[in-house]
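We name chains A, B, ... by the order of the sequence lines, and we start the count at 1 in each one. The model shown is predicted, which means the values in this text are computed figures rather than measured ones.
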There are 2 protein chains.
Amino acid sequence: ILDTKSLKKHYGKGENLVKAVDGVDLSIEEGKFVAIVGSSGSGKSTLLHMMGGLDRPTEGKVYIDGKDIHSMNDESLAIFRRRKVGFVFQSYNLIPVLNVWENITLPIEFDLKIVDKEFIKELMKTLNIYDKKSALPNQLSGGQQQRVAIARALATRPAIILADEPTGNLDSKTSLEVVNLLKQSVRKYHQTLVMITHDEKLAQMADRIVRIEDGKIKVGESC
Amino acid sequence: ILDTKSLKKHYGKGENLVKAVDGVDLSIEEGKFVAIVGSSGSGKSTLLHMMGGLDRPTEGKVYIDGKDIHSMNDESLAIFRRRKVGFVFQSYNLIPVLNVWENITLPIEFDLKIVDKEFIKELMKTLNIYDKKSALPNQLSGGQQQRVAIARALATRPAIILADEPTGNLDSKTSLEVVNLLKQSVRKYHQTLVMITHDEKLAQMADRIVRIEDGKIKVGESC
Ligand SMILES: Nc1ncnc2c1ncn2[C@@H]1O[C@H](COP(=O)(O)OP(=O)(O)OP(=O)(O)O)[C@@H](O)[C@H]1O
Ligand SMILES: Nc1ncnc2c1ncn2[C@@H]1O[C@H](COP(=O)(O)OP(=O)(O)OP(=O)(O)O)[C@@H](O)[C@H]1O
Ligand SMILES: [Mg+2]
Ligand SMILES: [Mg+2]
């Protein structure tokens, strides 16, 4: 369902050149849960952002459902992405002036879809944030904000969920609950999940682990 | 060196009342490395912010070096805190328009002290961020931003280091290097370190572990 071909992202020039992603070929099958691991600064977030159409590559292609997403103009890409992809950001990106419920349902409202209140309520209860539904982001703990970001990505029941370290600020019990929720959701709604994580135990829960180093997939691992 | 007495932080009223911290007595000895663990939302950050004088308690006292810090007015507390405490925030709080070097040396410049360039350089090299010294925060990976926040807290060689989940966005190898750096720094400069972490393995590296649940210290653990 998602393919990258010789994907590259370079910043700067000359001696300031940073090869954040340096030629990545990745093929993700529909319905699979793939974990991406690698040391800090190895290019994981950059790769995920290009895969989700949030960032344009320097070179190379990304295909979602066979479509070359980076040949679309910004507007068509934005619409395509909103319908296909749910993104959990490493720094959450919650809207400070909206409360938890509004933050979670915003992507749905955007597309003028009807909010399935029961589904959202269930999601929030599983993530243990329902009692905070009227709170503002700055009234939440770090881990609570992270869970709001996760709920928002799942709220539109997207075909593809891209999660950038969704458990970085959670204790191990809550982290396990989150990854289990993601796995169940993927089975139930036939979604595809790509999750960046630093936690080897959580990575082992995936169908497959992709290891990144210096902007490249580590050779010797399955592709 | 740091004591809390019946420390409380309550938000809201009536049925909206949240007892974030609900009566904490904690005594931290100078030169020790104390880990604070507890589930997401249990009150850890709130407790650390009151201990560092960044937030005023609803009730109770915090003593640093025998001084009741919350009886000081805002201005004196700000000066006292800047000289005594280095804080690593859960969400880093880097200044977007300043580069890495400027972000790290800002607290020193603030107090009109001379910047010990060699010391800062050493710190950055150990944290593997020296080659990013001219970069802006938005040009860094999540884990790189976290390491800049750590360097900034250590730059003033404060008596007390309060670190709120300093390794949440770091792979296990880098996390170990960070905690080892913190431990070495504490031994070398006779500092005191209180670190919130979700990682049980890292918590085991401390001299003592304090467990928090529902805003209280869990009974049955040493105090
Ligand atoms: N300004 C506020 N108004 C209302 N409630 C608040 C406010 N700030 C924090 N809280 C609540 O206080 C509780 C404790 O928050 P705190 O940030 O201390 O948790 P934590 O242990 O650090 O969690 P995490 O591990 O997720 O970072 C949470 O339930 C949070 O929603
Ligand atoms: N706008 C930018 N300009 C210059 N360099 C950048 C920019 N954005 C990212 N980089 C660099 O690209 C590299 C990869 O960054 P990326 O955020 O993908 O790492 P990561 O694997 O997600 O790390 P972490 O685990 O710390 O989140 C880093 O060295 C970073 O400094
Ligand atoms: Mg990242
Ligand atoms: Mg916290």
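- Counting heavy-atom pairs closer than 4.5 Å to chain B, the top residue among A/N169, A/I196, A/T197 is A/N169.
- Between A/K132 and B/V18, the shortest heavy-atom contact is NZ-CG2, 3.9 Å.
- Surrounding CG of B/D214 are at most 12 heavy atoms belonging to other residues, nucleotides or ligands under 6.0 Å away.
- One finds the CD atom of A/E165 at 9.0 Å from the CG atom of B/D171 (value rounded to the nearest 0.5 Å).
- Heavy atoms from other residues, nucleotides or ligands lying under 6.0 Å from NZ of B/K183 number more than 12.
- Along residues 34-54 of chain B, the residues that come nearer than 4.5 angstrom to chain A, judged on non-hydrogen atoms, are B/G38, B/S39, B/S40, B/G41 in order of number.
- Heavy-atom distances place both the backbone and the side chain of B/Q144 under 4.5 Å from chain A.
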